[in-house]
Amino acid sequence: MSRFITILSLLALSWQAGAATTAIVNGKIHTVGPQGTIENGTVLIVDGRIAAVGEDVDIPADAETIDANGKVVTPGLFSPFGQLGLVEVSSSANPTDYSQRGEQFTASFDVAAAYNPRSTLIPINRIEGITRALIAPSPGYPDESGKGHILAGLAAVVNLGDDNVLDQRAAAMVVVLGESGAALSGGTRTAAWLTLRNALDEALDYREHKGDFERGMRRAYTHSMTDLEALQGVINGNTPIIVSINRASDIEVLLQLVDDYSINAIINGGSEAWLLADKLAAARVPVIVGPTANLPGSFDRLNARRGSASILMDAGVTVAIADSDARTHNARNITQSAGNAVGDGLDWDAALRAITLTPAEIFGMAATTGSIETGKAADVVIWPGDPLELTNYPEAVFINGVAIPMVSRQTLLRDRYLQTEKPPAYRD
Amino acid sequence: MTGCDKQGADDGPAPFASRYEGLPAQTTLITGATLLTGTGERLENADLLLVDGKIAGVGPGLSADGADVVDASGKWVTPGVTDVHSHLGVYPSPGTQSHSDGNESTAPVTAGVWAEHSVWPNDPGFTTALAGGVTSLQILPGSANLFGGRGVTLKNVPGRNVMDMKFPGAPHGLKMACGENPKRNYGGRGQAPATRMGNGAGYSSAWIDAVDYRDQVRAAEKGQGTAPKRDLQLETLMGVLDGEILIHNHCYRADEMSIMLDIGKEFGYKVGTFHHAVEAYKIADLLAEADTCSAVWADWWGFKMEAYDGIRENAAILDQAGACTVIHSDSAIGIQRLNQETAKVMGAAARVGMEIPPERAIGWITSSAAKSLGIEEQTGSLEAGKMADVVIWDGNPFSVYTRAERVYIDGALAYERGNDDVNPKTDFSLGTTAAGGAQ
């Protein structure tokens with residue numbers, strides 16, 4: 001016999017990881033998959049995966065049934081870039097584990113081992129629907145001698161659950177070009193391009209002469225062996241480079257380089273990418289867009305504008321969405337980023353896809369997550385209404401089929417200060 | 001050109017006085033809209049009449065001969081948005097070193113500098129803010145110093161110089177900063193202040209000097225003793241003590257805000273507004289009692305230790321406690337969507353049973369913001385006699401999909417979505433952009 005549970009009582013329950021069978025019924029389901037939007041349907045979760053989704057789904061007798069009562073169901077949200085789990089307080093408070101420094105480990109600087117699933121940022125963001133994230137290194141500021149490195153290292157994909165959190169190591173290699181790359185390369189972007197080409201050339205040479213190198217019979221490389229090993233993934237096409245770059249002319253140089261080396265690239269930011277939409281589509285280079293970044297914040301971004309997500313998608317470019325202030329501490333605000341893109345003309349379903357399935361595809365996770373389809377991990381969110389609307393927050397969130405407690409440090413602070421009896425330290 | 005010196009009042013406006021004249025305006029009748037007045041009222045299917053730059057009528061069934069009639073059925077109309085915390089013009093786009101003019105980081109007390117002397121009117125951020133419905137804004141110095149200098153309130157209308165933009169009759173603000181920024185900035189150089197206690201002594205020492213200066217000035221006015229040499233710093237601080245200049249105090253932690261209120265008590269000045277006030281929700285009662293406004297974000301947190309306890313419900317808890325509540329941006333991007341930031345708080349508050357209707361929440365970015373800036377008599381609400389600073393939105397302003405359709409400043413159409421003939425572009429946009437201006 002199945003038990004009906006309201007969403008509110010679900011909030012108070014704790015679930016065993018992967019063991020439960022759950023049926024969400026009477027939901028308006030945006031699958032972001034081939035089934036499109038199911039006006040009134042069921043999502044069946046078994047052992048952490050979507051077992052079935054549709055209008056007519058047989059619900060097993062032992063299922064806990066949640067009546068969504070017409071509410072909206074979407075896949076979990078995928079933060080396409082940031083430092084979730086790698087930082088608590090950004091400035092002057094703790095070591096920053098994501099800042100690559102020094103010369104010994106650049107390409108190989110791997111943040112995966114520094115991810116902390118108990119970071120307070122995790123509950124704060126997952127209760128608002130973020131279920132997966134790409135977590136990335138960033139280059140440290142140039143040190144006293146002016147040295148930094150444009151190869152910031154290896155990003156990873158994590159899920160915001162409590163166990164088995166590391167989904168994919170070395171999901172992408174972070175490369176910083178443009179004016180930021182220039183600052184890291186002694187002040188000129190020419191030097192940044194040379195640095196990148198040199199790294200790729202050395203990686204190729206190392207691949208062909210590894211035995212000689214190990215016998216000390218090959219020329220010295222500027223990169224460490226660890227870095228050269230990490231670069232193998234880039235030159236063999238398995239590890240895309242994810243490039244911070246904005247100016248159109250720099251993007252053209254990047255496209256040429258990507259073609260020269262037959263590597264894969266993703267553009268992070270791309271303020272002026274819209275000027276090259278057709279070329280980006282032809283080169284199959286995805287772009288992570290910040291829809292509200294419309295000011296010429298620097299000379300690399302003179303042509304920043306609203307509406308670039310639509311322009312790029314119309315030309316056939318793969319686009320994921322996250323404003324720069326909707327990463328890390330406020331990764332949860334990617335719904336506002338997507339909503340703004342819709343307000344600027346983007347199709348609503350395309351906007352939802354840009355914060356769910358598209359980032360999953362970009363980082364090789366599409367078989368696992370990003371849409372509500374049979375066989376995928378049960379990353380599911382129940383919303384009171386339109387998930388992109390600012391006044392709507394999730395009522396329930398499942399990660400790998402596990403319902404997460406809808407509690408965070410911020411809800412605890414809120415609840416403490418909504419009480420008025422007793423001094424704060426003695427309140428619940 | 002005339003000579004440099006224009007000393008007498010007979011020769012035109014006093015130095016640095018507002019020369020704002022406003023754009024050409026005509027009588028306008030906006031009809032059939034949902035009006036949020038900024039005074040807590042919501043009127044359905046109502047009209048708004050703008051005459052000679054002022055609001056002349058609010059309510060259903062208005063008419064006016066010869067008016068430009070704007071059919072706003074299905075649309076929402078609010079007072080113009082006011083941002084009390086902006087660095088447009090002093091930290092403009094593009095963010096080059098050469099015009100980073102927001103922090104005179106050469107000494108911890110620089111009360112004598114005026115942000116308006118740094119304002120670059122060609123910052124394209126002014127025009128994008130206008131597209132977001134912003135009609136008035138306060139440009140502040142940054143928070144590197146204990147006393148950062150005077151802020152200035154502007155009308156969001158382009159000008160060749162800051163005097164053309166200055167809000168007529170608006171008081172100056174004085175920027176102060178608590179917490180991490182001043183002590184990190186100066187302590188990092190081995191100078192005072194290096195700690196929060198150093199900050200505290202810094203404020204108090206400056207006020208002691210200001211009280212002494214004021215006493216000498218007052219005495220001299222009564223013929224007792226000679227007036228001290230004019231001192232820009234002490235003159236500004238004296239302006240605060242005399243109630244003419246409003247305090248705008250960047251301060252995050254509840255304990256620090258409490259201390260700043262006590263420093264105000266000690267020296268006899270009012271803390272007009274705390275800015276950022278990330279922990280204001282912890283002392284909402286104290287703030288209400290002090291009649292101190294709090295200008296906050298919807299949800300920025302965690303970028304500094306003093307911002308670690310930020311919660312979305314901050315503004316809501318303040319509002320429910322009866323404290324003056326303002327949403328600000330401190331961002332050239334955020335200023336374009338203060339309506340959206342407000343909406344996020346409304347939604348969060350509703351989840352814990354605090355229903356804050358649109359007609360109340362709109363006050364956080366209109367009437368309360370105007371109060372914080374000391375311009376509530378002139379603007380910030382749709383009331384007859386006030387400046388016709390008005391926004392027509394294409395829907396409920398608290399939806400992420402809504403955009404400002406028209407923005408009126410002193411009754412003149414300052415912005416119309418999609419109309420290149422109306423919408424301003426600053427000089428910087430010429431020749432630098434493919435799309436013809438920041439959009």
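Labels below follow one simple rule: chain letters A, B, ... track the order of the sequence lines, proteins then strands, and each chain is numbered from 1.
With respect to A:D325 and B:R337, a salt bridge is recorded, a charged nitrogen being found less than 4.0 Å from a carboxylate O. Between A:E128 and B:R312 a salt bridge is recorded (basic side-chain N to carboxylate O distance below 4.0 Å).
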Next on the checklist: Please determine whether side chain to side chain contact (heavy atoms under 4.5 Å, CB included) holds for the pair A:L302 and B:F428, giving the CA-CA distance in whole Å, both sets of side-chain angles, and the decisive distance to 0.1 Å.
Outcome noted: CA-CA 10 Å; A:L302 293 177; B:F428 185 73; 3.8 Å; yes
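How far OG1 of A:T391 is from CD1 of B:I356: 12.5 Å, rounded to the nearest 0.5 Å.
Ranked by heavy-atom pairs under 4.5 Å with chain A, the list B:Y308, B:F398, B:W300 is led by B:Y308. The candidate with the highest count of non-hydrogen atom pairs below 4.5 Å against chain A, out of B:R184, B:E313, B:M346, is B:E313. Listed options B:A332, B:A348, B:P92 were ranked by heavy-atom pairs under 4.5 angstrom with chain A; first place goes to B:A348. Ranked by heavy-atom pairs under 4.5 Å with chain A, the first of B:G302, B:S93, B:S331 is B:G302. The residue among A:D415, A:D386, A:D323 with the most heavy atom pairs within less than 4.5 Å of chain B is A:D386.
If you measure heavy-atom distances from A:R301 to chain B, you find no contacts under 4.5 Å at all. Using a 4.5 Å cut-off between heavy atoms, A:N333 contacts chain B through its side chain alone, with no backbone atom that close. Contact of B:T96 with chain A is made through the side chain alone, with heavy-atom distances under 4.5 Å. There is no contact between A:R416 and chain B, counting heavy-atom distances below 4.5 Å. Using a 4.5 Å cut-off between heavy atoms, B:A343 contacts chain A through both its backbone and its side chain.
Counting heavy-atom neighbours within 6.0 Å of B:E289 CD, excluding the residue itself, gives a total of 12 or less.
In plain terms, the two heavy atoms of B:V400 and A:Q336 that are nearest each other are CG2-O, 3.9 Å. When all heavy atoms are compared, the tightest approach of B:D299 to A:N330 is O-ND2, 2.9 Å. In terms of heavy atoms, B:W301 sits closest to A:H329 at NE1-O, 3.2 Å. Taking all atoms of both residues into account, the shortest heavy-atom contact from B:G347 to A:Y393 is C-CE1, 3.5 Å. The nearest pair of heavy atoms linking B:E180 to A:S91 is OE1-O, 4.4 Å. The minimum heavy-atom distance between B:P94 and A:S298, with the atom names listed, is CB-CA, 3.9 Å.
Scored by the side chain to side chain contact (heavy atoms under 4.5 Å, CB included) test, A:A293 finds no partners at all (sequence neighbours excluded). Under the salt bridge (charged side-chain N to carboxylate O under 4.0 Å, His left out) criterion, A:E252 pairs with A:K279, sequence neighbours left out.
Annotation: side chain of A:V342 is in contact with side chain of B:Y401 (closest heavy-atom distance under 4.5 Å). For the pair A:N294/B:Q336, a side-chain contact is recorded, criterion being any heavy-atom separation below 4.5 Å from C-beta on. At a threshold of 4.5 Å between non-hydrogen side-chain atoms, the residues B:K304 and A:S90 do not count as touching. The closest side-chain heavy-atom distance from A:L418 to B:M354 is below 4.5 Å.
Checking B:R403 against A:N340 by side-chain atom types alone, a donor-acceptor pair falls below 3.5 Å.
Contacts between residues 115-124 of chain A and chain B, counted as heavy-atom pairs separated by less than 4.5 Å, involve A:T120, A:L121, A:I124.
Pairs of residues two or more places apart, or lying in two chains, that qualify as ring pair (Phe, Tyr, Trp, His ring centres under 6.0 Å) and include a residue from residues 405-428 of chain A are A:Y417-B:Y281.
A donor-acceptor pair under 3.5 Å is absent between the side-chain atoms of A:Q410 and the main chain of B:D309, judged by distance alone.
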